[in-house]
Each structure stands twice: as structure tokens, then as C-alpha cells.
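Naming convention: chains lettered A, B, ... in sequence-line order (proteins, then strands); numbering from 1 in each chain.
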Number of protein chains: 2
Amino acid sequence: MTNRTGELKHSDTGLLRRPTRLGDEVYGAIYSQLMSLKIPPGGRIAVDNLVRELGVSQTPIREALSRLEAQGLVVKTHLIGYSAAPQMDLSGLEQLYDLRMLVEPFAAAQAAKLMPEEAIASLETIDSDMRQVRDEDARSAYSRFAQSDGAFHDLIALGSGNGLIHDTLARLHTHVHLFRLYFHTRATSDANREHARILVAIKNRNPKAAETAMRDHIERSRKRFMRFFTDIQG
Amino acid sequence: MTNRTGELKHSDTGLLRRPTRLGDEVYGAIYSQLMSLKIPPGGRIAVDNLVRELGVSQTPIREALSRLEAQGLVVKTHLIGYSAAPQMDLSGLEQLYDLRMLVEPFAAAQAAKLMPEEAIASLETIDSDMRQVRDEDARSAYSRFAQSDGAFHDLIALGSGNGLIHDTLARLHTHVHLFRLYFHTRATSDANREHARILVAIKNRNPKAAETAMRDHIERSRKRFMRFFTDIQG
DNA sequence: ATGGATCAAATCCGATCGGATATCTGATTG
DNA sequence: CAATCAGATATCCGATCGGATTTGATCCAT
């Protein structure tokens with residue numbers, strides 16, 4: 001309900017505080033609704049509803065939806081309208097992991113070389129946050145887990161020094177898709193162990209180890225989710 | 001100049017031809033102007049101009065520009081306006097090639113496994129088209145070369161069967177950037193040889209060879225462009 | 001008095017809005 | 001069961017609002 005204005009998208013060295021774009025707020029509001037599953041996968045998103053709900057005109061809403069579409073989080077059908085991206089299926093999940101497997105280990109290796117010390121510190125903070133997550137409430141716990149996991153990987157992608165790689169991985173919105181699929185799951189401590197290995201390798205400035213650790217992490221993550229998938233299907 | 005309505009973006013199995021979106025036409029028009037360098041890199045793009053020039057309202061123009069921005073071909077500065085993406089610099093070019101190097105060889109290998117026969121036929125057509133290009137006019141020749149080269153790689157990415165990989169590579173608009181950088185160059189026949197190796201490997205359904213050939217091709221292409229870059233600077 | 005800097009009005013242009021039009025959907029009727 | 005009608009929704013438009021840029025006039029320092 002409360003829309004987070006803070007988007008982690010722009011580097012925002014912001015020496016100059018420009019007036020907020022209305023579209024940004026709308027973007028955040030819709031993004032939250034997608035994350036919180038208030039808008040279910042495949043659910044229709046009517047512009048008119050948002051006009052009433054958010055009290056702004058169509059223009060900023062269309063602008064925000066346009067961006068979300070570009071990110072693959074909503075889909076637009078001509079003369080039909082917008083809807084939330086459909087639930088990711090098995091094939092989509094495999095494609096997602098295939099692509100991550102190609103890019104993220106490289107990113108981790110580069111990050112081990114190039115990442116500034118303060119970014120590594122942030123990484124440690126995120127990592128320790130994830131360990132704090134105890135299951136008071138399974139759902140909200142997993143939500144925070146997914147959020148942190150996303151931030152962890154995003155920071156490493158950023159640390160690769162390759163903006164295109166960072167954008168590419170950000171565009172996948174891995175944590176959103178996985179969360180929407182498995183929000184009923186509990187956070188696993190396996191991921192914590194794997195993250196620790198990656199973190200240590202980066203701290204030691206050991207690219208090879210970072211690459212291997214990342215590859216291992218993604219591979220294991222894939223197996224966890226795949227097992228889950230086949231469990232459901234029968 | 002003539003704007004093709006047909007965008008190669010959507011898979012377009014198009015069972016139903018819906019009325020054309022005005023935004024699509026605008027998209028094509030601007031895209032052409034970027035490709036033809038009528039709008040130079042970094043050049044301002046005023047909405048009002050396009051309103052007069054194309055005879056449509058602001059809305060479809062904003063919609064088109066929004067999409068172009070998502071694709072990274074134009075940049076938007078809040079309360080300032082739109083402008084064409086700036087000339088790619090050396091660092092950007094390296095990032096571009098680093099990413100391609102990670103993804104495209106894999107895509108080629110997958111394509112060798114999965115690509116349907118008729119797609120391979122299209123690939124051959126494009127390949128032979130590229131050989132036909134003789135330098136009547138250096139610039140238009142290179143333009144056609146860049147176009148075909150883009151289509152060649154796009155088709156292979158599509159043939160990988162991984163939509164995310166296809167989107168990722170399409171989003172880079174490699175041929176646009178390279179063309180805008182080197183439109184004064186002449187098409188090289190080296191690329192033709194390298195393409196031939198890739199094509200043969202795919203036809204033979206040999207994933208390993210396709211992967212190697214693609215890796216080799218990108219590596220050589222990178223060297224060609226890098227040499228050119230340092231020639232200019234030095 | 002001249003050169004440079006500062007401030008303010010005027011103009012330009014994007015951001016936002018509300019409304020008009022065309023299309024799709026599904027419900028009703030012959 | 002087909003055709004039609006009504007409701008809903010997206011597309012597109014023209015206009016207004018507000019921030020940004022430019023111009024030029026004024027003021028200070030040399």
C-alpha cells in the first residue's frame with residue numbers, strides 16, 4: 001500500500017535534487033503490488049483502476065507500465081491492455097538459470113578483481129541480514145530473504161564493472177519471479193552457506209574461486225527449485 | 001526512410017492481425033532516423049518536432065520513445081527531454097563484447113542442436129546476401145552489411161530456443177552501435193568467412209564446432225573494431 | 001569605461017491532465 | 001445459433017501547468 005519511492009535502479013549520485021517524477025512513484029506502487037502478489041501473475045492491470053486508486057492521470061501510469069513492460073514484469077496486448085507477467089513455467093525457469101549460469105560466474109570473478117572495498121562491506125551487511133531472518137512468519141520471512149538475495153546478486157553484478165551485464169541481470173528480476181513462484185516456501189540455509197563462499201572469495205580478491213563459488217551456488221539453487229517444481233507436478 | 005511496420009522483435013506468430021498501433025509506426029520512424037544518423041548520437045530529440053514532422057499527437061511519440069529508452073537507444077533526462085544514446089566509447093565497446101562473448105557462443109551451440117531446418121535456410125539466405133554486397137556506395141553498403149550481420153546473429157540467438165537470451169542480445173542493438181561508430185568503414189570479407197564457419201557447424205548439427213566458431217568470430221570482430229578504435233585515437 | 005558576473009524576464013519544452021474516439025468483450029435478443 | 005447492442009477499456013488527441021534554458025539588462029570590479 002505504501003509506495004516506496006526509493007528505487008535501487010539509478011546510481012543516484014544526485015548532487016542535484018530534481019523534482020520527483022510522478023511516474024517513479026507509480027512504478028514503485030505497481031512494483032510493490034506485483035511483489036506482494038496483490039496483483040497475481042497473469043492478473044489484469046487496468047489503467048482506469050490505477051487512475052482512481054492512485055489519484056493521478058493516465059499519463060504517468062502509462063509511463064510506468066511502459067517501463068515495467070520493458071523489464072518484462074508486465075505484458076501488454078494491443079487493444080486489450082496490460083497484465084502482470086504470467087507465472088514462470090518450467091521452461092522459463094530453465095532458460096533463466098541457463099542465462100544466469102553464463103553471466104553471473106563471470107560477474108563474480110570480475111567483482112573479485114574490481115569491487116571497491118565499501119561495496120564489499122555492503123555485501124557483508126546484506127549477507128548477515130539474511131542470516132538474521134528467522135521464521136517468525138514464513139511468508140514475510142521468505143519475502144525478506146528473496147529481497148536480500150536479489151540485492152546480494154545485484155551488488156555483485158554491479159561490482160563486475162560492466163554496466164551491460166548489470167542491466168542484463170537486473171532485467172531478469174530473478175528474485176521477483178522466484179518469489180512469486182515459491183512464496184510459500186521457507187528460506188533455506190543452504191543459500192547462506194553458498195553465499196558465504198562467494199563472499200569470502202571476493203574478499204580474498206580471488207576471481208577464480210569467486211567464479212567457481214558462484215557457479216556452484218547457481219547450480220545448487222537451480223536444483224533446489226527444480227526439485228520443488230517436479231514435486232508439485234507429481 | 002520508409003518505416004517498416006514489421007518489427008522483428010515479437011515472435012509474431014500473428015494469427016490475428018490487429019489494427020496497427022500508431023506507436024509502432026513512430027517507433028520505426030525514429031529507429032530509422034537513428035540508424036541513418038539523421039539523428040546523431042547524443043542529439044536532442046524534441047517531442048514537438050516529431051509531432052509536426054510525423055503529424056501525430058504526443059502520446060504515441062512518448063510511447064515509442066519510452067520503448068526506445070528501454071532498449072537503450074535513447075536516453076531520457078527528467079525535465080530535460082530525450083536524446084539519442086551517446087556514441088559508445090571504448091569501455092562500452094569492451095563491455096559489449098565481454099557480454100556477447102559469454103552468451104553468443106552458447107547460443108550458437110544450442111542453435112546447432114535445436115534450430116529448425118527452415119530457420120537454417122533463412123540463415124543461408126542472409127549469409128549469401130551479405131556476400132552480394134559490393135561497394136557501389138561505401139556507406140549504404142556498410143549499412144546493409146550491418147543490417148544483415150544483425151539479422152544473422154539475431155536468428156541464431158532465436159534458434160537457441162532461449163527467449164531470455166534472445167531478448168538479452170537483441171537489447172544490445174550491437175549492429176546499431178557498431179554502425180553508428182564505423183559507418184565510414186567498408187564491410188570486411190573476414191566476417192563472411194567467419195560466418196561461413198558458423199553456418200556450416202550449425203548445418204552439421206555440431207554444437208561444439210558452432211560454439212568455437214562463434215567465439216572465434218566475436219573475438220576477431222572485437223579485434224577488428226578495437227584496432228580501428230586505437231587507430232583513431234592514436 | 002570595459003569586461004565579467006549575476007539576476008530576472010521571456011521563451012521553450014516536457015509532464016500532466018481530461019476528454020473524444022475506436023475497439024473488444026460478453027450479454028441479450030430475434 | 002447468429003446478429004446486435006451495451007459496457008468497458010485502450011488509443012489518441014489537444015490543452016494546461018511548471019520547470020529549464022536562454023537572453024539581455026544591470027551591477028560590480030578592474
Please list, for nucleotides 7-11 of chain C, all pairs of protein and nucleotide N/O atoms separated by less than 3.5 Å.
none

Heavy atoms from C-beta onward define the side chain here; which of [options] lies closest to that of [X]?
X       : options                : answer
B/Ile80 : D/dA20, C/dG14, C/dT25 : D/dA20
B/Leu79 : C/dC24, C/dA15, C/dG14 : C/dA15
A/Lys76 : D/dT11, C/dA15, D/dA20 : D/dT11

| query | Aromatic ring centroids of B/His153 and B/His195 under 6.0 Å? | reply | yes
| request: Using a cut-off of strictly less than 4.0 Å, decide whether A/His78 has a side-chain nitrogen or oxygen near OP1 or OP2 of D/dT11. | output: yes
| message | Which residues in residues 39-46 of chain B have a heavy atom closer than 4.0 Å to any atom of DNA chain C? | response | B/Ile45, B/Ala46
| task | Would you jot down, in residue-number order, the residues of residues 55-66 of chain B having a non-hydrogen atom under 4.0 Å from DNA chain C? | result | B/Gln58, B/Arg62
Rounded to whole angstroms, how far apart are [atom1] on [X] and [atom2] on [N]?
X       : N      : atom1 : atom2 : value
B/Glu25 : D/dT11 : CD    : P     : 15 Å
B/Arg52 : D/dG14 : CZ    : C1'   : 14 Å
B/Arg21 : D/dT9  : CZ    : P     : 19 Å
B/Asp48 : D/dC13 : CG    : C1'   : 14 Å
A/Leu54 : C/dT16 : CG    : C1'   : 15 Å

| remark: With B/Pro60 as partner, the option from B/Asp24, B/Leu22, B/Leu54 fulfilling side chain to side chain contact (heavy atoms under 4.5 Å, CB included) is B/Leu22
| query | When A/Leu68 is tested against each of A/Leu73, A/Val75, A/Val26, A/Ile45 for side chain to side chain contact (heavy atoms under 4.5 Å, CB included), which residue passes? | reply | A/Leu73
What heavy-atom pair brings [X] and [Y] nearest, and what distance separates the two atoms?
X        : Y        : result
A/Ala108 : A/Ile202 : O-CG1, 4.3 Å
B/Ala170 : B/Asp154 : CB-OD1, 4.2 Å
B/Ser221 : B/Tyr97  : OG-OH, 2.6 Å

| query | salt bridge (charged side-chain N to carboxylate O under 4.0 Å, His left out) between A/Asp48 and A/Arg52: does it pass, once the steps are laid out? | reply | CA-CA 7 Å; A/Asp48 240 30; A/Arg52 280 187 291 276; 3.7 Å; yes
| So, do A/Thr174 and A/Arg100 sit near enough that their side-chain heavy atoms are less than 4.5 Å apart? | yes
| message | Are the side chains of B/Leu93 and B/Leu178 in contact, using a 4.5 Å heavy-atom criterion? | response | yes
| Out of curiosity, B/Leu123 CG to B/Phe152 CZ, how far, rounded to the nearest 0.5 Å? | 4.5 Å
| note | Separation between CD (A/Gln58) and CD (A/Glu63), nearest 0.5 Å, reads 14.0 Å
